[in-house]
Amino acid sequence: MPVHPYWEFPHMSRRLPVLAANVVSTSQPLAAQAGLRMLLAGGNAIDAALAAAITLTVVEPVMNGIGGDAFAIVWDQGRLHALNASGRAPQAWTPDRFQGMAAMPPLGWDTVTVPGQVAGWAELSRRFGKLPFAALFEPAIAYAEDGFAVTPTIARQWAAQGAVLKDQPGFAQAFLPSGAAPGAGDLWRFPAQAATLRRIADSMGKDFYEGELADRIAAFAAATGGALARADLAAHRCDWVEPLSMSYRGDYALHELPPNGQGIAALMALGMLDTFDPPRGDDPLDLFKLPIEAMKLAFADLHEHVGDPVAMGDLTAQLLDKDYLRRRAAQIDPSRASTPAAGLPGQGGTVYLAAADAGGMMVSFIQSNYHGFGSGVVVPETGIALHNRGRGFSLAPGHRNQVGPGKRPMHTIIPAFITHKGQPFAGFGVMGGNMQAQGHVQMMQQLVDLQRNPQAAVDAPRFRVEAGPRVMLEAHTPAPVVDALRACGHNIDMQPADSLDFGAAQVIQRLPHGGYIAGSDPRRDGQAVGY
């Protein structure tokens, strides 16, 4: 009997998907198991997602930490809810503070905006969770106190980042206590981090913004050249927002958070691609030529027009206008590599996880310190590694994304959700800087156009558009595709199989009978678990 195409694994998958009524898919096995523990204890998908996210700050510190930002999309009771838990610039960050600089600094205190993630954990738990907030911290606290074995992938990243960040305030004392990063298989303990997580758990996150932890953060900033003040922390608020969406191939829709995130770029590219015929499964080149050019156009608009949502006005709707996207799509020549400029619409880094439960709740969640450990600044005796999200601001006068007091910078981290005929189809994400929006487009093509199962979709070779004609490709991209793209004028940069430049994807798809099928990415230490 022939195998249905949905159950084919054409990319020599190194793993099979997980099928279950309750599932968690993350970038680190211990975090996935922490989420599953909450489901087994009677919790729901939110409880599972939060326990996994909190655990990731301990077991995968090279990609996120307690001092980061977060975003979430939740399907519950027949509709989508979206949370923006990103922070704002300190009040002292006037443009004059950065006078004379060509661009925002990459590291240090002048990249640290208010971390919004902890408030996001509390807000999600308060609105949707079933278990006590403190219970969600138990796995993470145990790993911080008792220790866990560092995986080879994380050890490699730790060593590489440690060499760059060792001189930042507090970093070496916290994450290089013996003078070097832990090696693969080494046991890592961080009792100070466990104590911080307890304070957050016991105070429903308030201690981070109004209590002793806030005092420590502000005092360390004052002593070491930072501008982040206690008043900045106390003023932080999360925002529940209405997701943006783009219809695709008739009955499907991709949902993203509105700016200040880059999800709008995925929607713009998808709107352009919808004007062309769907890719054919028998021609892998279809999955590269058009989406590469569509992403270039979308990124040109993103970097020219997108910033703090307060400054966007009607521009968000104008960038997603179908007529505008048709005009942009008309500029695509699939036979020639381009370096497009931004259009003129009408005037007017990171861990991802997904969780779903038998009750129908699905969660698409992402949190990040931006670049690895983030700014490199670590508050002493707390384990709080602070992100460098402020690096996302522009210094161009008058730009919507120009740095300013209380503004949110343009963000790279974005969770995604797909609906089919108005019903939940899949929650997914692809980690890794500007890889995320283009990764979302490529996942849509795999899951919708080719109707691949989540694991096959995750395993497919991906491209990454960079500046100009440069396009990065994974080592397992078919040779005829590489040759054809070079013939079009693309500057192809082939990357090894273990490269993390293409992010890591996690996907949970709802099955017709109500259960789920989950895929996890072997590019990191990803794992999906369920029961």
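Note that the structure is a prediction, hence the values are computed from the model and not measured.
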*asked:* So, using side-chain contact (heavy atoms from CB on, under 4.5 Å) as the criterion, who are the partners of S394 when residues are at least two apart?
replied: A396, H399, N401
_Assess, by modelled atom type and distance only, whether the side chains of E293 and S338 contain a donor and an acceptor separated by less than 3.5 Å._
yes
_Partner set under side-chain contact (heavy atoms from CB on, under 4.5 Å) for P512, not counting sequence neighbours_ = none
*With sequence neighbours excluded, what pairs up with A21 under the side-chain contact (heavy atoms from CB on, under 4.5 Å) test?*
A358
*Donor on one side chain, acceptor on other, Q527 and D525, under 3.5 Å*: no
*Set of residues satisfying ring pair (Phe, Tyr, Trp, His ring centres under 6.0 Å) with respect to H420, sequence neighbours excluded*: Y252
*What residues, two or more places apart in sequence or in another chain, satisfy side-chain hydrogen bond (donor to acceptor under 3.5 Å, both in side chains) together with Q117?*
none
*For D274, what residues pass the side-chain contact (heavy atoms from CB on, under 4.5 Å) criterion, not counting sequence neighbours?*
Y248, R249, K322
*With sequence neighbours excluded, tell me which residues meet ring pair (Phe, Tyr, Trp, His ring centres under 6.0 Å) with F71.*
H411
*Summary of salt bridge (Lys or Arg N to Asp or Glu O under 4.0 Å) pairs that have at least one residue in residues 48-74, sequence neighbours excluded*: E60-R524
*Run the numbers on Y352 and S364 for side chain to side chain donor-acceptor pair (under 3.5 Å), then give the verdict.*
CA-CA 8 Å; Y352 173 83; S364 182; 2.7 Å; yes
_Validation row: I366, Q436 side chains within 4.5 angstrom (heavy atoms)_ = yes
*Looking just at side-chain N and O atoms, do H387 and T113 make a donor-acceptor pair shorter than 3.5 Å?*
yes
*Tell me, which pairs form a salt bridge (Lys or Arg N to Asp or Glu O under 4.0 Å) where one or both residues lie in residues 41-57, sequence neighbours left out?*
none
*Check side-chain hydrogen bond (donor to acceptor under 3.5 Å, both in side chains) between D521 and all other residues, then give those that pass, not counting sequence neighbours.*
R462, R523
*With sequence neighbours excluded, residues passing side-chain hydrogen bond (donor to acceptor under 3.5 Å, both in side chains) with E256*: H440
*Tell me, do W75 and R510 make a side-chain contact under 4.5 Å, heavy atoms counted?*
no
*Quick one: list whatever passes side-chain hydrogen bond (donor to acceptor under 3.5 Å, both in side chains) with R37, sequence neighbours left out.*
none
